[in-house]
2 protein chains.
Amino acid sequence: MTVTLADVAARAQVSPATVSRVLNGNYPVAASTRARVLKAVDELDYVLNGPASALAAATSDLVGILVNDIADPFFGIMAGAVQSEIGGPGGRAGGERLAVVCNTGGIPERELTYLTLLQRQRAAAVVLTGGAMEDGGHQAAVAAKLRKLTEAGTRVVLCGRPPAPDTGAIALTFDNRGGGRELTEHLIGLGHRRLGYIAGPEERTTTRHRLEGHRTALAAHGIEEDPRWTVHGRYDRQAGYEATLELLRRDPTLTAVVAANDTVALGACAALRDSGLRIPDDVSVAGFDDLPFSIDAVPALTTVRLPLAEAGARAGRVAMGREDAPAGGIATVRGELMVRGSSGRPRG
Amino acid sequence: MTVTLADVAARAQVSPATVSRVLNGNYPVAASTRARVLKAVDELDYVLNGPASALAAATSDLVGILVNDIADPFFGIMAGAVQSEIGGPGGRAGGERLAVVCNTGGIPERELTYLTLLQRQRAAAVVLTGGAMEDGGHQAAVAAKLRKLTEAGTRVVLCGRPPAPDTGAIALTFDNRGGGRELTEHLIGLGHRRLGYIAGPEERTTTRHRLEGHRTALAAHGIEEDPRWTVHGRYDRQAGYEATLELLRRDPTLTAVVAANDTVALGACAALRDSGLRIPDDVSVAGFDDLPFSIDAVPALTTVRLPLAEAGARAGRVAMGREDAPAGGIATVRGELMVRGSSGRPRG
DNA sequence: TCTTACATAGAAAGCGCTTGCTGTACGGCT
DNA sequence: AGCCGTACAGCAAGCGCTTTCTATGTAAGA
């Protein structure tokens, strides 16, 4: 049998109530008593029963973090930052909180299941990172779930995700549209007029917003877009590789390739190299996110830097109520254009 | 007030016991009754109270995964694989389990705190990934904790970590020593005799084992190592960059640089390039792990591929009792040498 | 027809903790 | 000296669920 509060109480010659109060430190206990209790706890190697405590107190110290792909540093960086702020071990603030990182794999139903699981655990807060799926029914279902959570007192923060109106969720949204526009404008400014675009999976807000930004820039400069210039694919290297080959096949005269994110851009670079094209002399390449490895690409990747760690940290603080929510519950986080070696003037 | 089991019972005109049994499906319930209960659950939007359930049943559906750095794909890939196997949402197997990814940041005390937190939550299983710290006291403390956990019925699996004897923990250990040896032998085989080594942080098993492998190879070929050829640093790009400059400063005649992992190797490449040296013509570079971006380095990185996803998946299955533990509770996972463009014959 | 067994459903006793309320000293007042 | 406020400590009632044991209705066996 494991050691219980009562065992500690018996050994310290006090009531269980007193032990509980010593452990929670939310009620006056005489120093001598406290010492006696602590000694007993130590001697018996007592560990609080989390579920019992959560049940009785109707609160929990679990914080959920939903990510699309935990193996992708884009999410890893945000998740790590959130975690560092929620006052888990190492965080100075109050009680120890346990961060639960949930990997949805970008699968709508999994996202919902995890939210239910978190709701079941009576999570103290939930942070949803990354773009949302655009399937109508799913969005409504998620919104309903989020509303339930906030109503039950769980703080919900969206990090790098569009706002979810009327759910009580706080949103720190990335300005994907603005970043996309800026990036493409940079290329247009260099003289590019024929730009391929490798978009992410369809039905994703991130994908759509970045693409919209790209198109806005084209339109603003009177560039008519050829439908063949856009290819959709997953957010991974291989998709970038294949999409680039496809782009090249469709229109070998392209002078630039804009990728939905850095990982995809890396695949694009590989495809271009394998096709005997030089970067940026023959074709310029641009990514998005500015993940750590982007600067190590050769040539270094021109991209839009998203302050992932900062945004994650802020999301964590907001989730813990340690920082005020932005006005209106919505804040926009801007990206910063990073011009590097992979983009240059088009040939000729 | 939130909806409770009793509410559902009342609405379905059955006892709470019956509702519980329908929900858990571990006791015969007439089909008609079950349907009625399920209907009530649906209508009331009932969500089980996790803590209460865990308390009463003395079990929990939480599975902990400890990682050193969640922003590092090395850990992200393993964590994702573990998670995909523990039967969380998406996993077909039985109950929904919640994976708790805990970021220790490589800090000993945090590791311990997280283990206590997991113990407090009565986690069903715990997977510890990556190398262990070699601080004696800490190791003993962790071992004691692990023993407690296994004694309490929590399954403990070490993934990519040396075995912890007498703790009841199951170990899937990476053959870092063998990989390190093979890698260096490859370079020696190419003709290198003056090899720099950028090791990871000291007091880490991974660091030590890889370095030992390297030295074993040198010794086997009668190469006397110059103490100046080894530099320690963090497992990140910047550390690799700085260490490489330091190495070059100490001995400009080095013809190869072996890094503790791929990320460090990338930093090394950058430093070499910035120093006007060509890879591999002037200096060969090698990494370890074969993370996804390694193949995109220019030239592609010679490295040792560790089957992170496979190991993680296996660890997950073992943790769930879905796969038998290896004989003796210890299995060694080998790496595979990947020879690519970053290594070549030394000049001259 | 009466017993024996089986399939379900309910009653109730906790699981280990928190917390509102109720003592009980003790020191400082008037 | 008598009273009250303060500072602790304990009692006991749950928190919402699981599960053992018991009760009941029914089908099968004698």
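Here the structure is a predicted model, which means the values were calculated and not measured. Each chain gets a letter, A, B and so on, in the order its sequence line appears, and its residues count up from 1.
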**Prompt:** Less than 4.0 Å between a side-chain N and a carboxylate O, is that true for B:Glu111 and B:Arg161?
**Reply:** yes

Separation of C:dT18 atom P from A:Asn24 atom CG, nearest Å, is 5 Å

query: Would you call A:Arg147-A:Asp166 a salt bridge at under 4.0 Å N-O?
result: no

With the side chain defined as heavy atoms from C-beta on, B:Ala17 is closest, among C:dT18, C:dA11, D:dC8, to C:dA11

- Query: Looking at C:dG10, does its base get a donor-acceptor pair with the side chain of B:Arg21 below 3.5 Å?
  - Reply: yes

Between B:Ser15 and B:Ala52, the residue closer to the 5' end of DNA chain C by nearest nucleotide is B:Ser15

Between CD of A:Gln13 and C1' of D:dG10 the distance, given in whole Å, is 14 Å

- Salt-bridged, B:Glu85 to B:Arg322, with N to O below 4.0 Å? yes

Check whether any side-chain nitrogen or oxygen of A:Ser53 sits under 4.0 Å from OP1 or OP2 of C:dT18, and answer yes or no.
yes

ask   = Using a distance-only test with no angle check, is there a side-chain donor-acceptor pair under 3.5 angstrom linking A:Lys145 and A:Gln119?
value = yes

To the nearest angstrom, the CZ-P distance between A:Arg34 and D:dA7 comes to 15 Å

Legend entry - Contact under 4.0 Å: B:Thr18 side-chain N or O vs C:dG10 OP1/OP2: yes

Between CG of A:Asn49 and P of D:dC17 the distance, given in whole Å, is 17 Å

5'-most contact on DNA chain C (nearest-nucleotide basis), B:Arg36 vs A:Val47, goes to B:Arg36

Per atom distances to the B:Ala56 side chain, the nearest of C:dA9, D:dC8, C:dG14 is C:dG14

Rounded to whole Å, the CG-C1' distance (B:Leu55 to D:dT19) equals 13 Å

Atom CG of A:Leu44 and atom P of C:dG16 are separated, to the nearest Å, by 15 Å

Tightest non-hydrogen contact, residues B:Ile65 and B:Ala79, listed as CD1-O, 3.9 Å

Short side-chain N/O contact from B:Ser20 to OP1 or OP2 of D:dT18, under 4.0 Å: yes

Looking for any heavy atom pair under 4.0 Å, which part of the strands does A:Ala58 touch: base, sugar-phosphate only, or nothing? nothing

Between CZ of B:Arg122 and P of C:dG16 the distance, given in whole Å, is 9 Å

5'-most contact on DNA chain D (nearest-nucleotide basis), B:Tyr27 vs B:Tyr46, goes to B:Tyr46

Whole-Å distance, A:Leu23 CG to C:dG16 P, equals 16 Å

Legend entry - Under-4.0 Å side-chain N/O to phosphate OP1/OP2 contact, A:Thr4 with C:dG16: no

